[in-house]
Colleague: 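Okay, handing you the structure first.
Every number for a ligand or one of its atoms is a count from 1 in the order of the listing.
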Amino acid sequence: SPIIQLDNLCYRYPNTEHNALNGINLVVDKGSFVGFTGPTGAGKTTLIKSLNGIVPHFVGGTLTGLVLLNGKATTSLTTAEIGRMVGTVLDDPEAQIICLDVEQELAFGLENYGVPPAEMEQRMKEALACVGIAHLFGRSTAALSGGQKQRLAIAAVLAMRPEVLILDEPTSELDPLGSEEVFRVLKQLQVEHGMTILVTEQKTDLLARYCDQLIILREGEVVLSGTPRQVFQHP
Ligand code: ADP
Ligand code: ADP
């Protein structure tokens, strides 16, 4: 059953002359792994941000069409309600990491949700282990590498156990081995925990090996969509 539906979604940033998203239709089934790719400026980041309400709420501009989460229009949901369903990892780990140490970074969102301390500890350790950085639990965030920050940003969102995990270029700071590892973690979350995964990625080959549905965007429109096999067989 669909967990996300986009119905003729259009978005134009303030003071611009073209739609960044221009009539996007999309159905994402619960538990699926959807990959978005396309050239810079295609609208990938804007699409990701429209799924969790960032675009209409914080940027202004003009949004038309519908985004449905579990059948409900995002315009009828509060930011907190959207946040409980959808966890988003943006592509700037420097900006996303706000606390001085790894433990605080993980605890921040959980405290806001009123998760009891004993459960917090377990969720934090599980989330770090999931992205392969369990050993960094007590570290200062300033001392982490770009790749470690990227993993921490993912762990912090995982600890919240969202139904849908959305990631914008989660491997931009990682080497090929690290990139593969992140995708393996995402696949495991899909297969073992039934999580729905949406991810943008410039490394199309990597993306195609892990996603069930591959979507190619260009100039704000879906130009190809299907299984990786279908997309690559297209003339
Ligand atoms: P991608 O993630 O595929 O590189 P983006 O979603 O960042 O694409 O951008 C889509 C289009 O929207 C581009 O034409 C970009 O220049 C424009 N855009 C993105 N962010 C803004 C913004 N804050 N203000 C105005 N235009 C923007
Ligand atoms: P990405 O390629 O990962 O989408 P960009 O480098 O395009 O990232 O954008 C980085 C930041 O600049 C984003 O916050 C985006 O909203 C903003 N931005 C992108 N294009 C424009 C634009 N034409 N005008 C204003 N801001 C923009």
Side-chain angles (χ1 to χ4, degrees), residues 4-28 32-69 74-75 79 82-83 86-98 146-147 149-150 153-154 157 162 164-174 178-179 182-183 186 196-226 228 231-232 234:
I4 296 175
Q5 277 173 274
L6 302 184
D7 186 6
N8 196 24
L9 183 68
C10 297
Y11 181 76
R12 185 175 298 193
Y13 285 97
N15 312 312
T16 61
E17 305 203 333
H18 298 281
N19 286 347
L21 299 176
N22 197 23
I24 306 277
N25 293 295
L26 179 68
V27 176
V28 175
S32 62
F33 194 131
V34 184
F36 298 90
T37 193
T40 302
K44 301 181 295 294
T45 302
T46 307
L47 183 61
I48 291 278
K49 289 180 176 172
S50 73
L51 294 177
N52 65 8
I54 293 177
V55 158
H57 289 302
F58 297 111
V59 189
T62 314
L63 182 97
T64 61
L66 273 179
V67 180
L68 303 177
L69 296 177
T74 48
T75 47
T79 311
I82 295 172
V86 178
T88 309
V89 183
L90 295 178
D91 89 336
D92 186 355
E94 304 289 337
Q96 187 138 359
I97 290 169
I98 50 178
K149 283 182 182 159
Q150 217 151 23
I154 297 172
V157 172
V164 182
L165 180 61
I166 303 185
L167 309 99
D168 194 14
E169 307 274 350
T171 71
S172 60
E173 306 272 330
L174 298 171
S179 303
V182 164
F183 270 83
L186 298 179
T196 307
I197 313 277
L198 282 78
V199 57
T200 71
E201 175 61 63
Q202 291 188 351
K203 298 161 207 151
T204 312
D205 297 352
L206 174 68
L207 188 59
R209 275 189 279 117
Y210 287 90
C211 69
D212 309 318
Q213 188 181 358
L214 182 61
I215 293 170
I216 301 188
L217 295 172
R218 193 161 47 90
E219 294 178 0
E221 297 182 6
V222 173
V223 291
L224 284 172
S225 169
V231 166
F232 287 126
H234 197 272

Colleague: I need the contact type for Pro39 against ligand 1. Using non-hydrogen atoms and a strict under-4.0 Å cut-off, is it side chain, backbone, both or neither?
Modeller: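 It is the backbone that touches ligand 1; the side chain stays farther off.
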
Colleague: What do you reckon, is CD of Glu219 surrounded by more than 12 foreign heavy atoms closer than 6.0 Å?
Modeller: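 Not more than 12 within 6.0 Å, no.
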
Colleague: For Arg209, does the CZ atom sit with more than 12 other heavy atoms under 6.0 Å from it, leaving out its own atoms?
Modeller: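 Yes, because the 6.0 Å sphere around CZ of Arg209 holds more than 12 heavy atoms from other groups.
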
Colleague: Drop me the distance from Phe36's CZ to Thr200's OG1, to the nearest 0.5 angstrom.
Modeller: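 One gets 9.0 Å once the value is rounded to the nearest 0.5 Å.
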
Colleague: What part of Asp168, side chain, backbone, both or neither, has a heavy atom within less than 4.0 angstrom of ligand 1?
Modeller: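 Asp168 to ligand 1: no contact under 4.0 Å from either part.
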
Colleague: For ligand 1, is there an N or O atom under 3.5 Å from any N or O atom of Thr16?
Modeller: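 N/O-N/O distance below 3.5 Å does not exist for this pair.
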
Colleague: I need the minimum non-hydrogen distance between Thr204 and Thr37, along with the two atoms involved.
Modeller: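 Here Thr204 and Thr37 meet closest at OG1-OG1, 3.6 Å.
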
Colleague: Of all the atoms in ligand 1, which lie at a distance below 4.0 Å from a heavy atom belonging to Thr40?
Modeller: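 So the answer, numbered in order with elements, is 4 (O).
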
Colleague: Under 4.0 Å from a heavy atom of Ala42: which atoms of ligand 1 are those, numbered in the order shown and with their elements?
Modeller: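 Those of ligand 1 that fall under 4.0 Å from Ala42 are 1 (P), 3 (O), 8 (O).
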
Colleague: In ligand 1, which numbered atoms sit nearer than 4.0 Å to a non-hydrogen atom of Thr46?
Modeller: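 Counting from 1, the qualifying ligand atoms are 5 (P), 6 (O), 9 (O), 10 (C).
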
Colleague: Report the residue from Leu26, Val67, Leu66 that forms a side-chain contact (heavy atoms from CB on, under 4.5 Å) with Asp7.
Modeller: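 Exactly one candidate clears the test, Leu66.
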
Colleague: Quick test of your reading of the structure: of Asp91, Leu47, Thr45, whose heavy atom lies closest to atom 2 (O) of ligand 1?
Modeller: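 Nearest heavy atom to atom 2 (O) of ligand 1 lies in Thr45.
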
Colleague: I need the single residue from Asn22, Leu21, Thr46 that forms a side-chain contact (heavy atoms from CB on, under 4.5 Å) with Leu9. Which is it?
Modeller: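 Only match with Leu9 under side-chain contact (heavy atoms from CB on, under 4.5 Å): Leu21.
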
Colleague: Could you tell me whether ligand 1 has any atom less than 4.0 Å away from a heavy atom of Gly38?
Modeller: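 No, that is not the case, since the closest heavy atom of the residue is not under 4.0 Å from the ligand.
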
Colleague: Flag Pro14 as yes when one of its N or O atoms lies below 3.5 Å from any N or O atom of ligand 1, and as no otherwise.
Modeller: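 Between Pro14 and ligand 1 (N or O atoms, distance only) the closest approach is not under 3.5 Å.
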
Colleague: Name the orientation class of the two ring planes belonging to Phe183 and Tyr210 (parallel below 30°, tilted from 30 to 60°, perpendicular beyond 60°).
Modeller: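 Correct class here is tilted.
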
